[in-house]
J.: 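The following block contains the structure, expressed as structure tokens.
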Amino acid sequence: MVPSVTQCLPPHPLPLTNDNTASLTHHHHRLLHHLTQCTSISHLKQIHAHTLRTSPAQHNQYLTLFLHSSIPHDLDYAFRVFRQIDEPNSFAWNTFIRACARSRDRKKHAILTYYDMMSGATVRPDKHTFPFVLKACAYLFCLSEGKQTHAQALKLGFDSDVYVNNSLIHFYGSCGCLDCAREVFEKMPERSVVSWNVMIDALVQAGEFESALKLFDEMQRSSFEPDRYTLQSVVNACAGLGALALGMWVHAYVVRKCGSDVGNGVLLNSSFVEMYCKCGSLEIAEQVFERMRKRDVSSWNSMILGLAMHGQAEAALNYFARMVNEGFMPNSVTFVGVLNACNHRGMVSEGRKYFDTMIRDYKIEPVLEHYGCLVDLLARAGFIDEALDLVSNMPVKPDVVIWRSLLDACCKKNAGVELSEEVFRRIIESEGGDCSGVYVLLSRVYGSAKRWHDVGLVRKLMSDKGVTKEPGCSSIEMDGVAHEFFAGDTSHPQTKEIYAILDAIEERLESIGYVPDFSQAPLVDELDDGKKQSLRLHSERLAIAFGLLNAKPGVPIRIFKNLRVCNDCHNVTKLISSICDVEIIVRDRARFHHFKRGSCSCMDYW
DNA sequence: ATAGGGTTAG
């Protein structure tokens, strides 16, 4: 709930502000002129000293001007100047609060200064004050401070101000309080484009891509023209959803609107690159990238990360070399892309090399993501001991993702029950044990060792703790509409045809010698028949069958899956791509697979 | 004077 007026601070006297700027003298104007010409802090200090000498009486009056001018040069100096002002007017308070909110390392002081302002009896905040304070609250995730600020803004009657409301939406969005953001958005009497933008972006940031797109639709129906911020958020939503059709629509919209200027929008173009990669269209992504007239490090990063995600390690590394060649300085994110590229191709020695290069030559401190790539790379290439060693000794605290990838590797590489148990124990120690994926992995380790009793124990543990397996779900876009399938789903209108196709395919597969791979089937020692049944109902098969049924010939079938593709589905999809002569592009939880003529772009390393 | 901007490993 957003605060109401009753939650406000106690009332305090509200004298009108002492408005220094009202009595501008000739001298004042000259001083102002000098100050605006000022380009260095030493020059500014000279003028300050001169003023102190020549007109000490008006000194206090001029301090606000010095404050304003010194901020871009030296925040510490500005801070000292501000401290000297006897009774700052609201302009002076606001100026200082804004400076803190914009600073890199003084954001906290924006809030503290605002408290000072509130607790004094001389000034009250005005409509400019709140956006500055809320910006700092948003950045620092100061939820309760921001809520108090909200209450005070209400109390002082700024609840209809567009700027204040937009700042509130942004603040609540940044703190993850979507309901509060939505409430402010719904209640505000007047909206601007920014109101829609901050609300849409809040949804995108929270991963509520469908809601974001719905709001985008509503925005247009309310006759608001989208601007670059809107489009940016919408493209990000498309990337998140894999909504290629809508993404292309936005792209066309931008091209139509900007004409030959499209090539200049660095940020938006980089988002297009990312969107096309995440929607499985590497060719278009590269086209957009090559046509960009201006690029920055992030543009290169989008391309490198995108190629890495598709397992195109060589291409990704080529882009890296090109980027360096063209004088761009790779950053931390660049190396996540590079390491991930190595990871998806099992390039262990290259991965180690780039990790060292990053630290030694580029002086980039590795963060969790870098360690994540390296640990995963080592573990999946079979160097599990080394990976475990790295996790144990790295300077950042490993999270559940790293641990799970290690356990996953143990499982895939048959690292043995003892090592797997060791990793599992470490996970529970550091995570507390409510992470679902790791139980499934452990039960699989026991299953492959045929220790059915232990499988049962893990299952019991899972049900006791209430951890469940995330259900598999695949979706496919057809004529701009997403069709969603769960495992064994029979709710789709074309269910009959879909299952008929699956039967026909299975018959074909068996006739060419396909044998199901049960290694990742549910781990109960039940009859093969039951396992087979559960495998053939995996959600991606239904989606692929739907695609075969409805896609135009020659058009690739694009599938999205929330989990990773299992071995058996991977085999089957390869075979389908061959017998049906169709390209199938699958984005799973971790990466893309391009199935074509019986093989997959991941070369079976995933 | 006031609001909205990037990425990242599984």
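In the text below, chain A, chain B and the rest are named by the order of the sequence lines, each starting its count at 1.
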J.: Of the options B:dT2, B:dA3, B:dT7, whose atoms approach the side-chain atoms of A:Lys127 most closely?
T.: B:dT2
J.: Write down the distance between CZ (A:Phe320) and P (B:dT8), rounded to a whole number of angstrom.
T.: 19 Å
J.: Once you round it to whole Å, what is the distance between P of B:dT2 and CG of A:Leu168?
T.: 18 Å
J.: Tell whether A:Asn94 reaches the base of B:dA1 with its side chain through a donor-acceptor pair below 3.5 angstrom.
T.: yes
J.: Measure the acute angle between the ring planes of A:Phe272 and A:His251, then classify it against the limits of 30° and 60° as parallel, tilted or perpendicular.
T.: parallel
J.: Between A:Asn343 and B:dG10, is there a contact of a side-chain N or O with OP1 or OP2 at under 4.0 Å?
T.: yes
J.: Hey, what do you get for OG (A:Ser302) to CH2 (A:Trp300), rounding to the nearest 0.5 Å?
T.: 11.5 Å
J.: Side chain of A:Asp126, heavy atoms from C-beta onward: which of B:dG5, B:dA3, B:dA1 has the nearest atom to it?
T.: B:dA1
J.: Which whole-number value in Å describes the distance from A:Met323 CE to B:dT7 C1'?
T.: 12 Å
J.: Using the side-chain heavy atoms of A:Tyr163, tell me which of these nucleotides is nearest: B:dG5, B:dA3, B:dT7.
T.: B:dA3
J.: Looking for any heavy atom pair under 4.0 Å, which part of the strands does A:Arg228 touch: base, sugar-phosphate only, or nothing?
T.: base
J.: Classify the nucleic acid contact of A:Thr129 as base, sugar-phosphate or nothing, counting any heavy atom under 4.0 Å across all strands shown.
T.: nothing
J.: How would you label the contact of A:Asn340 with the nucleic acid (heavy atoms, under 4.0 Å): base, sugar-phosphate, or nothing?
T.: sugar-phosphate
J.: Does the ring centre of A:Trp606 sit less than 6.0 Å away from the ring centre of A:His593?
T.: yes
J.: May I have the distance from A:Phe96 (atom CZ) to B:dA1 (atom C1'), rounded to whole angstrom?
T.: 16 Å
J.: Considering only B:dA9, B:dG10, B:dT2, which nucleotide approaches the side chain of A:His344 most closely?
T.: B:dG10
J.: Can you figure out which of B:dG6, B:dG10, B:dG5 approaches the side chain of A:Asp376 most closely?
T.: B:dG10
J.: Looking only at side-chain N and O atoms, does A:Lys278 come under 4.0 Å of OP1 or OP2 in B:dT8?
T.: yes
J.: Would you say the side-chain atoms of A:Asp126 and A:Thr129 include a donor-acceptor pair closer than 3.5 Å?
T.: yes
J.: Using whole Å, what does the distance between atom P of nucleotide B:dA9 and atom CZ of A:Arg591 come to?
T.: 13 Å
J.: Report the distance from atom CE of A:Met117 to atom C1' of B:dA1, rounded to the nearest whole Å.
T.: 13 Å
J.: Given B:dT7, B:dA3, B:dT8, which nucleotide is nearest the side-chain atoms of A:Val336?
T.: B:dT8
J.: Tell me what A:Ser167 touches on the nucleic acid: a base, only sugar-phosphate, or nothing, going by heavy atoms under 4.0 Å.
T.: sugar-phosphate
J.: Could you work out which one of B:dG5, B:dA9, B:dG10 sits closest to the side chain of A:Cys373?
T.: B:dA9
J.: For a quick check under 3.5 Å, do A:His128 and A:Tyr163 share a side-chain donor-acceptor pair by atom type?
T.: no
J.: Should the ring pair A:His310 and A:Phe592 be called parallel, tilted or perpendicular, given that the plane angle runs from 0 to 90° and is split at 30 and 60?
T.: parallel
J.: Of the nucleotides B:dA9, B:dG6, B:dA1, which one has an atom closest to the side chain of A:Ser270?
T.: B:dG6
J.: Without swapping roles, check the side chain of A:Asp408 against the backbone of A:Arg404 for a donor-acceptor pair under 3.5 Å.
T.: no
J.: Please work out if A:Asp227 contacts a base, only the sugar-phosphate, or nothing of the nucleic acid, heavy-atom cut-off 4.0 Å.
T.: base
J.: In whole angstrom, give the distance that lies between atom CG of A:Leu374 and atom P of B:dT8.
T.: 20 Å
J.: Check every strand shown and say whether A:Asp588 touches a base, only sugar-phosphate, or nothing at a heavy-atom separation below 4.0 Å.
T.: nothing
J.: Does A:Ile169 reach a base, just sugar-phosphate, or nothing at all? Heavy atoms under 4.0 Å.
T.: nothing
J.: Does A:Asp399 contact B:dA9 through a side-chain donor or acceptor facing the base, at a distance under 3.5 Å?
T.: yes
J.: Pick base, sugar-phosphate or nothing for A:Val194, based on heavy-atom distances below 4.0 Å to the nucleic acid.
T.: base
J.: Among the candidates B:dG10, B:dA1, B:dT8, find the nucleotide nearest to the side-chain atoms of A:Glu274.
T.: B:dT8
J.: Within the structure shown, what part of the strands sits under 4.0 Å from A:Asn165 by heavy-atom distance: base, sugar-phosphate, or nothing?
T.: nothing
J.: Just the rounded figure in Å: distance from P of B:dG10 to CE of A:Met309.
T.: 9 Å
J.: Can you figure out which of B:dG6, B:dT7, B:dT8 approaches the side chain of A:Asp296 most closely?
T.: B:dG6
